[in-house]
Trainee: 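Here's a structure for you.
What you see is a predicted model; the values in this text were computed from it and never measured. Chain letters run A, B, ... following the sequence lines, proteins first and then strands; every chain starts at 1.
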Amino acid sequence: MKKKLTQLLKEAIHHGIEKGELKNCEVPFIEIESPRENAHGDYASNIAMMLASGQKKNPRKIAESIVNSIEDREEMLESVEIAGPGFINFFINQKFWTTLLKEVDDLAGRYGTSDLGRGEKVQVEFVSANPTGPLHIGHARGAVVGDVIARILETSGYKVSREYYINDAGNQMNTLGKSVYYRILELSGEKVDFPPECYQGEYIIDLAKKIQIKYEKELDKKECDDLTSFLTEYASSSILAGIKDDLRAFGIIFDCYFSEKELYKNNGVRKLLEDLREAGFIYKEGETLWFRTTDFGDEKDRVVVRENGEPTYFAADIEYHKNKFDRGFDRVIDIWGADHHGYIPRMYAGIKALGKDTQCLNIILVQLVNLLRDGLPVAMSTRTGEFVTLKEVIDEVGKDAARYNFLMRRSNSHLDFDLELAKRQSNENPVYYVQYAHARIKSILRMAEERGFAIPSYSEVDISLLDLEEERTLVKVINGFPELIEASARTLEPHRIPFYTNDLASVFHSYYNKNRVISDNMELTKARLFLVKTVGIVLKNALGILGVSAPERM
RNA sequence: GGGCGAUUAGCUCAGCAGGAUAGAGCGUUGGCCUCCGAAGCCAAAGGUCAUGGGUUCAAAUCCCAUAUCGCCCUCCA
């Protein structure tokens, strides 16, 4: 609807210019808003005021010219008014409103999809936690945000690939092997001082036990170096398998797990550095190689090869992003923890040095989660390895509640996650509010069928019977759904969707409490059943994008 | 010290390519089940949009300062 009105206004302005009532000018971005006040119409635009300074005319006069030039070919408009300092207020006629529901009925599960992306290939990289320990609560938010951004883009006509980058080439891998090694020594009765830089978590001991039982004989024979690399390999692949299981339980399936080791094969990183050096982006200082990221606005240059000859993580990351583009992605989205924000300028420097437009890379920062239980902070410490794992959260509060709660805030703002609240099946917990609306709709439809009503489709009902104020509101909200998804796709902001589902559920609950759907009036009952069915479709589609179930009953 | 981000109702937060009387949830107070699901609905109270300046017809939204809080300032990842 907003699109139609935008189009109408654009045409009207051009007509106005042709007629000489308006000066020729660039038409700015036309914003159509839904006013709070019903008296201000169903939609409103401030375009006349936007044009005022360029036109050197009273905005109300401009609005008049525009309104007079509107050609309402589809007969959508009941009336158009000019109000206040120059707002143009649109009142949509009842008949046109309700005909919009045909589209929902026709598209059903596809309502909300679009071709915005035109098949563009997009990669979303997220989670990417080191395989040195199980996923914990800190990873969970980024995981859901990445997954839902991927779902939004899929819905909007992009070809999306979800990718997990496995940091399995660095120092921390040796530390992992060493950690397991010391725990095994401990288990076999030797007295050891467990090094503080090693991973302290309980899970290392569990791994050590498993290995001890399974490889009892082999362990004795292996030489120390050989043994550590064996332990590293065993531990990391076992941990990674666990990570995959947890993610699956959270509703997240990756298309690709990309190992950092891949980048070093065939000397990939070295070759890239050589190329960049020839292009003048890299200089040498002693044995150290520096990337001139300050050329691209970074605050200081960054090391890509250390004094000891080892490439840094940053060097591998440039190669990684080059690799992504080489694989044919038009656009790459990275989901990072907000503590990495200082890393952004150098990543963009890398992208530019590769000759890529900065538009090709979007970096989404996800802020930290404050884990609470009944309002009190839950103590966690990476040093001692005490943390609440993702699996524990899923087991305790459930996938739906966890996902929904993680999505309710803007990614870039802190989030309180209260375990007790998320678990509670009460009005304090927003997931249930929305799911309840869906279950309630299903219940009404079941009841109707029991009483002999077939659930009607658009052509079978007299849609003009839906003439209540609340019904108009419902239609309006339903109609806003595709626009909402498009906006979420453009801005990469998943949190808009929970706000929307909450809003739709609220309008529906209110309608339900005030009006009976099933009544003695056959025709009215059919019309309302149809309306309620469309609400159910939208709720289900919206929850589907969030990866949250839409229960038939609860 | 430098950089980035935040500051909106008692609490947790939306709104921010400037627009009409600043919103939601929770909490508080008071109502609504002989009737399709009360995990619901209705109503009320609650605000100097951190502070001070600026830009203009119009600022929560843009600009500049200040304050407070958080994160980052590894040849770690």
Trainee: H509(A) or R410(A): which one's nearest nucleotide on RNA chain B is closer to the 5' end?
Mentor: R410(A)
Trainee: Applying salt bridge (charged side-chain N to carboxylate O under 4.0 Å, His left out) as the test, list every pair that has at least one member in residues 527-537 of chain A; sequence neighbours left out.
Mentor: D105(A)-K533(A), E471(A)-R528(A)
Trainee: Determine, stepwise, if the pair L9(A) / S45(A) fulfils side-chain contact (heavy atoms from CB on, under 4.5 Å).
Mentor: CA-CA 9 Å; L9(A) 282 174; S45(A) 177; 3.7 Å; yes
Trainee: Specify the separation, in whole Å, of atom CD1 of I32(A) and atom P of A17(B).
Mentor: 15 Å
Trainee: Round to the nearest Å and state the distance from K442(A) atom NZ to G40(B) atom P.
Mentor: 20 Å
Trainee: Under the salt bridge (Lys or Arg N to Asp or Glu O under 4.0 Å) rule, what do R409(A) and D416(A) come out as? Steps first, then yes or no, please.
Mentor: CA-CA 9 Å; R409(A) 302 279 175 258; D416(A) 285 350; over 6 Å; no
Trainee: Output a table of nitrogen or oxygen pairs between the protein and nucleotides 29-36 of chain B separated by less than 3.5 Å.
Mentor:
{"residue": "C35(B)", "atom": "O2'", "partner": "R516(A)", "partner atom": "NH1", "Å": "2.6"}
{"residue": "C35(B)", "atom": "O2'", "partner": "R516(A)", "partner atom": "NH2", "Å": "3.2"}
{"residue": "C36(B)", "atom": "O4'", "partner": "R516(A)", "partner atom": "NH2", "Å": "3.4"}
{"residue": "C36(B)", "atom": "O2", "partner": "I518(A)", "partner atom": "N", "Å": "2.9"}
{"residue": "C36(B)", "atom": "N3", "partner": "V517(A)", "partner atom": "N", "Å": "2.9"}
{"residue": "C36(B)", "atom": "N4", "partner": "Y512(A)", "partner atom": "O", "Å": "2.9"}
{"residue": "C36(B)", "atom": "N4", "partner": "N515(A)", "partner atom": "O", "Å": "2.4"}

Trainee: Give me each pair satisfying salt bridge (charged side-chain N to carboxylate O under 4.0 Å, His left out) with a member in residues 309-319 of chain A, each pair once, sequence neighbours excluded.
Mentor: none
Trainee: Between protein and nucleic acid, restricted to nucleotides 20-28 of chain B and to nitrogen or oxygen atoms under 3.5 Å apart, what atom pairs and distances do you find?
Mentor:
{"residue": "A20(B)", "atom": "N6", "partner": "N89(A)", "partner atom": "OD1", "Å": "2.6"}
{"residue": "A20(B)", "atom": "N1", "partner": "N89(A)", "partner atom": "OD1", "Å": "3.4"}
{"residue": "A20(B)", "atom": "N1", "partner": "N89(A)", "partner atom": "ND2", "Å": "3.2"}
{"residue": "A20(B)", "atom": "N3", "partner": "H40(A)", "partner atom": "NE2", "Å": "3.4"}
{"residue": "U21(B)", "atom": "N3", "partner": "E37(A)", "partner atom": "OE2", "Å": "3.4"}
{"residue": "G23(B)", "atom": "OP1", "partner": "R36(A)", "partner atom": "NE", "Å": "3.1"}

Trainee: Please evaluate residues Y164(A) and F258(A) with respect to the criterion ring pair (Phe, Tyr, Trp, His ring centres under 6.0 Å), reporting the C-alpha separation (whole Å), side-chain torsions for both, the decisive distance (0.1 Å), and the verdict.
Mentor: CA-CA 6 Å; Y164(A) 186 121; F258(A) 189 95; over 10 Å; no
Trainee: Could you check how far CG of L51(A) sits from P of A17(B), rounded to whole Å?
Mentor: 18 Å
Trainee: Which pairs count as salt bridge (charged side-chain N to carboxylate O under 4.0 Å, His left out) when at least one residue sits in residues 27-38 of chain A, sequence neighbours excluded?
Mentor: none
Trainee: At under 4.0 Å, does any side-chain N or O of R446(A) touch on OP1 or OP2 of G37(B)?
Mentor: no
Trainee: What stem regions, each of at least 3 consecutive Watson-Crick or G-U pairs below 3.5 Å, can be found for RNA chain B?
Mentor: B:1-7 with B:67-73, B:10-13 with B:23-26, B:28-32 with B:40-44, B:50-54 with B:62-66
Trainee: Is the Y433(A)-Y436(A) ring centre distance short of 6.0 angstrom?
Mentor: no
Trainee: In residues 520-537 of chain A, which residues come under 4.0 Å of RNA chain B by heavy atom?
Mentor: none
Trainee: Expressed in angstrom and rounded to an integer, what is the separation of L407(A) atom CG from A14(B) atom C1'?
Mentor: 15 Å
Trainee: With sequence neighbours excluded, what pairs up with Y43(A) under the ring-ring contact (aromatic ring centres under 6.0 Å, His included) test?
Mentor: none
Trainee: Using the side-chain heavy atoms of N412(A), tell me which of these nucleotides is nearest: G5(B), A39(B), G19(B).
Mentor: G5(B)
Trainee: Say we look at U7(B) and A50(B): how far apart would their C1' atoms be, to the nearest angstrom?
Mentor: 6 Å
Trainee: For the CG atom of D334(A) and the NE2 atom of H340(A), what is their distance to the nearest 0.5 Å?
Mentor: 11.0 Å
Trainee: Distance between the P atoms of U66(B) and G3(B), in whole angstroms?
Mentor: 11 Å
Trainee: Show me the protein contacts with nucleotides 70-77 of chain B, counting only N or O atoms at under 3.5 Å.
Mentor:
{"residue": "C75(B)", "atom": "O2", "partner": "E307(A)", "partner atom": "N", "Å": "2.7"}
{"residue": "C75(B)", "atom": "N3", "partner": "T288(A)", "partner atom": "OG1", "Å": "3.2"}
{"residue": "C76(B)", "atom": "OP2", "partner": "R306(A)", "partner atom": "NE", "Å": "3.0"}
{"residue": "C76(B)", "atom": "OP2", "partner": "R306(A)", "partner atom": "NH1", "Å": "2.7"}
{"residue": "C76(B)", "atom": "O5'", "partner": "R306(A)", "partner atom": "NH1", "Å": "3.0"}
{"residue": "A77(B)", "atom": "OP1", "partner": "R306(A)", "partner atom": "NH1", "Å": "3.2"}
{"residue": "A77(B)", "atom": "OP1", "partner": "R306(A)", "partner atom": "NH2", "Å": "3.2"}
{"residue": "A77(B)", "atom": "OP2", "partner": "Y313(A)", "partner atom": "N", "Å": "3.2"}
{"residue": "A77(B)", "atom": "O3'", "partner": "N167(A)", "partner atom": "OD1", "Å": "3.2"}
{"residue": "A77(B)", "atom": "O2'", "partner": "N130(A)", "partner atom": "OD1", "Å": "3.4"}
{"residue": "A77(B)", "atom": "O2'", "partner": "N130(A)", "partner atom": "ND2", "Å": "3.1"}
{"residue": "A77(B)", "atom": "O2'", "partner": "N167(A)", "partner atom": "OD1", "Å": "3.1"}
{"residue": "A77(B)", "atom": "N1", "partner": "H340(A)", "partner atom": "NE2", "Å": "3.3"}

Trainee: Over how many whole Å does the gap from M50(A) atom CE to U56(B) atom P extend?
Mentor: 17 Å
Trainee: Starting from P on C11(B), measure out to CZ on F417(A) and report it in whole angstrom.
Mentor: 22 Å
Trainee: In whole angstrom, what separates I47(A)'s CD1 from G18(B)'s C1'?
Mentor: 14 Å
Trainee: OP1 or OP2 of A39(B) sitting under 4.0 Å from any side-chain N/O of H438(A)?
Mentor: no
Trainee: So does E125(A) pair up with K324(A), basic N to acidic O under 4.0 Å?
Mentor: yes
Trainee: Going through the checks in order, is the side-chain hydrogen bond (donor to acceptor under 3.5 Å, both in side chains) test met by Y404(A) and T501(A)?
Mentor: CA-CA 11 Å; Y404(A) 201 89; T501(A) 49; 2.9 Å; yes
Trainee: For Y500(A) and G15(B), give me the distance from atom OH to atom P, rounded to whole Å.
Mentor: 17 Å
Trainee: Show your working on ring pair (Phe, Tyr, Trp, His ring centres under 6.0 Å) between F291(A) and F314(A) and close with a plain yes or no.
Mentor: CA-CA 10 Å; F291(A) 190 129; F314(A) 176 46; 5.8 Å; yes
Trainee: Would K178(A) and E197(A) pass as an ion pair if we require N to O under 4.0 Å?
Mentor: yes
Trainee: So M408(A), base contact, sugar-phosphate only, or nothing? Heavy-atom distance under 4.0 Å.
Mentor: nothing
Trainee: In whole Å, what separates the C1' atom of U68(B) from that of U8(B)?
Mentor: 16 Å
Trainee: Can R446(A) and E449(A) be counted as an ion pair, charged N to O under 4.0 angstrom?
Mentor: no
Trainee: For E486(A), what residues pass the salt bridge (charged side-chain N to carboxylate O under 4.0 Å, His left out) criterion, not counting sequence neighbours?
Mentor: K3(A)
Trainee: Hey, does A439(A) reach any base, or is it just sugar-phosphate, or nothing, if we go heavy atoms under 4.0 Å?
Mentor: base
Trainee: Considering residues at least two apart in sequence or located in another chain, which fulfil the salt bridge (charged side-chain N to carboxylate O under 4.0 Å, His left out) criterion with R373(A)?
Mentor: E396(A), E420(A)
Trainee: Which glycosidic conformation, syn or anti, is assigned to C33(B) if syn requires a torsion within 90° of zero?
Mentor: syn
Trainee: Among residues two or more places apart or on two chains, list those pairs meeting salt bridge (charged side-chain N to carboxylate O under 4.0 Å, His left out) that have a residue in residues 506-519 of chain A.
Mentor: E470(A)-K514(A)
